[in-house]
Structure formats: structure tokens, C-alpha cells
Colleague: 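First the structure, which I've put down as C-alpha cells, then a few questions once you've had a look.
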2 protein chains.
Amino acid sequence: MIRKKRTTLDDVATLAGVSAITVSRAIRHPEMVSEKVRAQVESAISELGYVPNPAARMLATGRSNMIGVVVPSVTNNVFSDVLRGIYEIAGIADFDIQLANTRYSPALEDKALRLFAAQKPAGLIVAGIDQSEVSRDILANIDCPVVQIMETGPDPAGFCIGLSHFDAAHAGTRHLIEQGYTRLGFLGARMDPRTQRRFAGFRAAAEEAGAYSEQRVVTTPEASSVTKGAALLADLLAQEPTVDAIFCNNDDLALGALFEAQRRRIRVPDQLGICGFNDLEMMAAAEPPITSVRTYRQDMGLRAMQTILSCVDNGPVTPTTIDLGYEVMARQSTARQRG
Amino acid sequence: MIRKKRTTLDDVATLAGVSAITVSRAIRHPEMVSEKVRAQVESAISELGYVPNPAARMLATGRSNMIGVVVPSVTNNVFSDVLRGIYEIAGIADFDIQLANTRYSPALEDKALRLFAAQKPAGLIVAGIDQSEVSRDILANIDCPVVQIMETGPDPAGFCIGLSHFDAAHAGTRHLIEQGYTRLGFLGARMDPRTQRRFAGFRAAAEEAGAYSEQRVVTTPEASSVTKGAALLADLLAQEPTVDAIFCNNDDLALGALFEAQRRRIRVPDQLGICGFNDLEMMAAAEPPITSVRTYRQDMGLRAMQTILSCVDNGPVTPTTIDLGYEVMARQSTARQRG
DNA sequence: TTGTACGCGTTATCAT
DNA sequence: ATGATAACGCGTACAA
């Protein structure tokens, strides 16, 4: 049986024998209503299965409890972890999350932000710091807390919670050098701005140590995957067989590279050191365990949400930048026999 | 500079020198408006950067262009693929996706559906067929197309797009038997209803071949991961070292099991056959490549969206069930030397 | 503590 | 082809 009309505040009010506004108050500010009335209202609500109409609420208040989240990919493990952090808080704090997937397209990002802006969100979480002019403009003028995650950088559009990918990649590369590797290679996919900065970090560290060669850099604009990691390593070996360690754009590539090395009976870490980026769960479980630069992705989601919540509660706060840092998780894949 | 008031239909109307309702029509039914007026309106819209207020629209029409998606996890690769399919269509068809994460909790699923129902969605996509009584009730009474994905089963709540996990697991297990393995084991994590049905499929096939033993079944209620796969295999080997092949709940476990086997110098596939479930991208790239039962997850998301779109366009259609099937991707991890 | 009047931005309905 | 009016469900401001 289909109920044609949804139950409204008025229905509840009638059943409870009070006026609509009283019901509204009983829901939002229970302390402003007498004990007795509150009980009547509550039982009426559950009897009717009343749920407030978010659209009407938004129209009346001019704001929603929606938090818009803009990410470039939903398939990537990296963002799944961020989302987990976000939903963790969203659940307990009763916020609606609306996810926009830009697929690494600035145009789609503009579109998503424009749509969000029209909905008076309680907050906005956007991945990365490479928004277009248009997007920056929307973010600058919107009347809600904005949190950029994944990365820290100059001139943030609001709050910023992330890390320096340049530094993190630099540290991972330093680790390779400290392990005694001298002919470093780089495997990269997608090559979006964030990836580029990781590459820059690699390059800087490698050059400082005289371990860099353009011949040992292999990249593709396509999305990263384990399969692609294997293919890129194959390309690299064809081009410069003397490479003795690789820094990978991310963990998928690193895992694929490990598999390819195994296929070719290349000994890891002795003949080839492998370092990934992000430290996905599987890195530690691999055989050999793969060294990776750990990032705190779930924490970024968590903190982004907490930031927004505290703005909602305490009114506007001056935006801050939080650097969550990174950690080089040294494992067997780079544990070269010294000497 | 912060614009205090958002631009409304009236603003556009004033600038264009027409009335609000005309602007509304120019947007939704351009063919009902004269060429001249349409041009004026369009230029006014882009000059003001007008974006319709979805809340007001919803309040007026009683329906939204939101599609609610209910999944038990956002971290799991399996659902990421489904989401990719969904967002692919959502982008081009201008639907808002709202994602609810139930974390495998029926109570959270009820809550999510109730909230969605209050928003008059254009459609609902829910993962799985194991909804609670409350949820089934909501789905039965809601006035929009409902699509259950991931799995087919009796008594669907609406459209149903998936596969029989029992059959798929049965087929994967048959494959192991056909390869000559006779002492089959099972690795399982989470053990939600869908997983249970996969186990049932495994068990049925194994028993039919006299290859089943309860001693070779190792499961955990915790979430699956590569690490967990390694741990479960270790448990299994401690308990029943004679196992000669394992069917894994999913690919994460399979990969972890492979790593653990490598650590112990157990030869795959000769000493131990490994079969996963879902056929994530990395399975084919592993060394050795891992056999897995392929499912069509992105396609499920895609088709679920298309189903909803066609309902929106063509009015109510009688719900159907689509079985997308599965395919056993036989690879080296089960390519045992015969004889 | 509780109630009344009005407005939020849009669309449906009924004119013109 | 275009416009006036009411209504959607709720919250704010003010009143009782």
C-alpha cells in the first residue's frame, strides 16, 4: 500500500494535540518543551514514523546539514580510506554526505562545486589543492567551512589537512639512498599535479645524491593499477636495465612491480629495491613486505569532519593548516645487504 | 567578498525582463518558450551564475533528482567498482548521488532508508538482498524504483541485478576439483549473509566431490584484508596441513594467502591451489596469476542506474531480475600438474 | 511554555 | 507563449 501523502509536522501535531511549531521545537530543542508535551510528541512521531523533510527545512533555514565531498576518484583505495573517516563521523553526527566524483577533470570539479554551493552545505571537503580559478572563486565566496584534504600547500582555500607530497616522496627516496641504492628509477601513473609533486620530491632527493637519470623515469598518463605497475617496470628494465631501485608513485604500482620482478627472477631487495607510496594495508602483508611512505588518509577524513563540526558548533574559526605528516615504513623490499 | 543572498529565479527574471515562471520554463522546457525570450533568459542566467535551488524545487514538485545508494562498506574494492558504474551514469544524467554506508549494520540500513524515503528520491539502489523487515517495508512502500544489486535471490524488493553467489562459489570450487585437488579448504572473513552463501556454494560442491572437511574451514567475523588472508592460511595450515587447495571468500584473502604460501615456500599451484572471488584487477597481475571468480560489479552499478533512468523516463515498469552471471578465470594459481 | 503569521525558492494550476 | 496565484513543509520572529 502506497501512502500518497507523506506525514508532516502538522500530522504529528494533530495527533499529539499541539501545534506544529511545538513539535518542531520538541525535535530540535527538547529542553524548550514541557516534559509532558515532549512525551506526547515523541510517541506521535514514532507512531507515524515521521521524518522531517530536509528540503523544507533547508528552504526555511537557508542551510542544510549536507556536507559536500569532492574527490577525483571513487575507485582508488586512497580515497576509500578518506571516505571511511568521513562517514565514520557523518554517521554519529547526522550529516548527509554528498559525494562528487570529478574523475580528475577540472570542469567536473567546477560543476560539482557550483551544484554544492546552491545547496547551502554545512561544509565542503575537497581533495587536493589544485582547483581551477572558477573553483577557487566558488570556495572563496561560499558561506561554509571549506576543508582541503590530502595535501598541504601555499594559499589554501580554507582549512587544509594533509601533508607535503614533495617532502614525503623526498623522504622515501632518501631512504632508498640510505640503503645504498645508487641508480634510482621512478614509476608513475596518472601524473596529476599531486603525482607531479611526488615526482619532484623524488627527483630532488635523487639528484642531490647523484642517483638521478631521466632514463630511469617511466610514466603513463593512464590510471594506476597493479597491472600497470608490472608493465612500467618492464618498460623501465628495457630502457635502463641497470636500475637498482624504484620509487613508485603509489602502492598499486609497487605491488605490480614486485610481481614483475618475481616473474623475471629479479631478487628484491638485493637486485632491486622497491618503495611504494601511501602504505596501503597490503604492503605489510606482501612477500617480501614492501617499503612504503605511510600517509594518514582516514585521519584526514576524520579531522576534516571534526573541523566542520566544530565550525558549526562554535561559529566561524580562522582557517588553519594541519600537516599530518608521513612515515617511511622501511620493510624488506628495500633491506639491501650492505657492503 | 561574500554574497549574502543567493541569486534566485526572480533575479534572473528581472534581469531578463520576464516573469519568474517563464525563466523556470525556459530552463526545464526550452521548447515552450519563444526563441527570443530563451536567449535573454540564458544570458541572464550565465551573467548571474544562477543555479536552481534543489530544495525549493523538491518542495514544490514533491520529488528530487537524488538517487540514494546504500552499501555496507565504502572501503571495500568491490563496492568502489559498483560506485564507479553508478557515478559514470550519474554524471551525464545530472542526478545527485547520496551514499549511505551501513557498515554491515541492519540498524544503520534502516536509518539510512528512512532518511532517503523522506527525501522523495528518484530511485534507490541497495546492496544485497538481506534487508531487515523494517527496511523491506520501507522499500515496499516507497514511491520510486528500487534496485537491489550484488546478488539475485527469491522475493526481490524491486529490480534485482546481480548473480547467485552460491552458484558462483560452487563453480569456483568445481574448478578446483577439476584441477585434481581433493582436500579443499575455505578461507572466510566477515561472514555476512552473502559470504555465507558463497560458503554454502563451496561446501555443496566440495561435499559432492567428497573433498569437504570442516577441519579445513577457517573463518573470522572481522573484515577481510590481505593481512587477514595470510593469517587465516596460517591458521588453516596449523589445523590441517594436508589441505591441497583453498577457496577464498574474496580476493584480498586470496592474495594474502598467496603471500603466506610464498613465505612458507609452499609451491602454488602444485602444493596448494588458490582461488579467489570477484577477480579484482590485481589477480591477473599477481605472480603467479591467481584464479578467481569474476563478477561484473561496475556493470551492476551501470545497469542499476540505467534501470532507474528508464523508469523515470517511461514511467513505472514491472520489476525484473537480471542475472549478470560470473566467470571462473582460471589462472596459474590453480594450474596443477596433473597425473 | 506555547502559538500565530509569514517567508524561504520553486513549480502546478489556471488564466490570459 | 506568458503571467498571476497558491502551495509545498518547515523555521524565524514575534506575540500571548
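Proteins get letters first, then strands, A, B, ... in listed order; numbering begins at 1 in each.
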Colleague: For the pair made of NZ in B:K120 and P in D:dC8, what is the distance, rounded to whole Å?
Modeller: 12 Å
Colleague: Please figure out whether B:V18 or B:T61 has its closest DNA chain D nucleotide nearer the 5' end.
Modeller: B:V18
Colleague: Calculate the interatomic distance between B:R38 atom CZ and D:dT2 atom P; express it in whole Å.
Modeller: 10 Å
Colleague: Write down the distance between CD1 (A:I45) and P (D:dC10), rounded to a whole number of angstrom.
Modeller: 10 Å
Colleague: Given D:dT2, is OP1 or OP2 found less than 4.0 Å from the side-chain N or O atoms of B:S34?
Modeller: yes
Colleague: Tell me: CG of A:L59 to P of D:dC8, nearest whole Å?
Modeller: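 Result: 13 Å.
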Colleague: Within the pair A:T8 and D:dG9, is there a side-chain N or O less than 4.0 Å away from OP1 or OP2?
Modeller: no
Colleague: Need one value for B:R25: base, sugar-phosphate or nothing, where a base atom within 4.0 Å counts as base even if backbone is also close, heavy atoms only.
Modeller: base
Colleague: Toward the 5' end of DNA chain C, which comes first, B:Y50 or A:V37, by nearest nucleotide?
Modeller: A:V37
Colleague: Considering only side-chain heavy atoms of A:N53, which listed nucleotide, C:dT11, C:dG3, D:dC10, is closest?
Modeller: D:dC10
Colleague: Which one, D:dT2, C:dG9, C:dT11, comes nearest to the side chain of B:S24?
Modeller: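 Of the options given, the side chain of B:S24 lies nearest C:dT11.
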Colleague: Would you kindly compare B:A56 and B:S19 by the position of their nearest DNA chain D nucleotide and give the one closer to the 5′ end?
Modeller: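 Counting from the 5' end, the first nearest nucleotide belongs to B:S19.
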Colleague: Counting side-chain heavy atoms from C-beta on, which of C:dG3, D:dG3, D:dG11 comes nearest to B:I21?
Modeller: D:dG3
Colleague: Rounded to the nearest angstrom, tell me the gap between atom NE2 in B:H29 and atom P in D:dG3.
Modeller: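 Taking atom P of D:dG3 as the reference, NE2 of B:H29 is at 16 Å.
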Colleague: Just by distance, with hydrogens left out, do B:T295 and B:R297 show a side-chain donor and acceptor under 3.5 Å apart?
Modeller: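 The criterion, which ignores hydrogens and geometry beyond distance, is satisfied for B:R297 and B:T295.
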Colleague: May I ask you to decide if A:T8's main-chain N or O and A:D11's side chain share a donor-acceptor pair within less than 3.5 Å?
Modeller: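 Here the side-chain-to-backbone pair exists.
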Colleague: Atom CD of A:Q40 and atom P of C:dT1: how far apart are they, to the nearest Å?
Modeller: 15 Å
Colleague: Is any side-chain N or O of A:T22 closer than 4.0 Å to OP1 or OP2 of C:dG3?
Modeller: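 True: A:T22 side-chain N/O within range (under 4.0 Å) of C:dG3 OP1/OP2.
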Colleague: Below 3.5 Å, does any donor atom in the side chain of A:R63 face an acceptor in the base of D:dG11, or the other way round?
Modeller: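 No, no donor-acceptor pair under 3.5 Å.
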Colleague: Quickly, which of B:V126, B:V134, B:I142 forms a side chain to side chain contact (heavy atoms under 4.5 Å, CB included) with B:L113? Name it, please.
Modeller: B:V126
Colleague: So, does A:S73 use its side chain to make a donor-acceptor pair with the main chain of A:T75 at under 3.5 Å?
Modeller: yes
Colleague: Rounded off to whole Å, could you give me the CG-to-C1' distance for the B:D11 and C:dG9 pair?
Modeller: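 Computing the B:D11:CG to C:dG9:C1' distance gives 10 Å.
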Colleague: Of the non-hydrogen atoms in A:A304 and A:I125, which two are nearest, and what is the gap between them?
Modeller: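 Residues A:A304 and A:I125, closest heavy atoms: CB-CD1, 3.7 Å.
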Colleague: At less than 4.0 Å, is any side-chain N or O atom of B:R28 found next to OP1 or OP2 of C:dA12? Yes or no.
Modeller: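 It does, given that an N or O in the side chain of B:R28 lies less than 4.0 Å from OP1 or OP2 of C:dA12.
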Colleague: Within this structure, what is the CG-to-P distance between A:D10 and D:dA7, rounded to whole angstrom?
Modeller: 14 Å
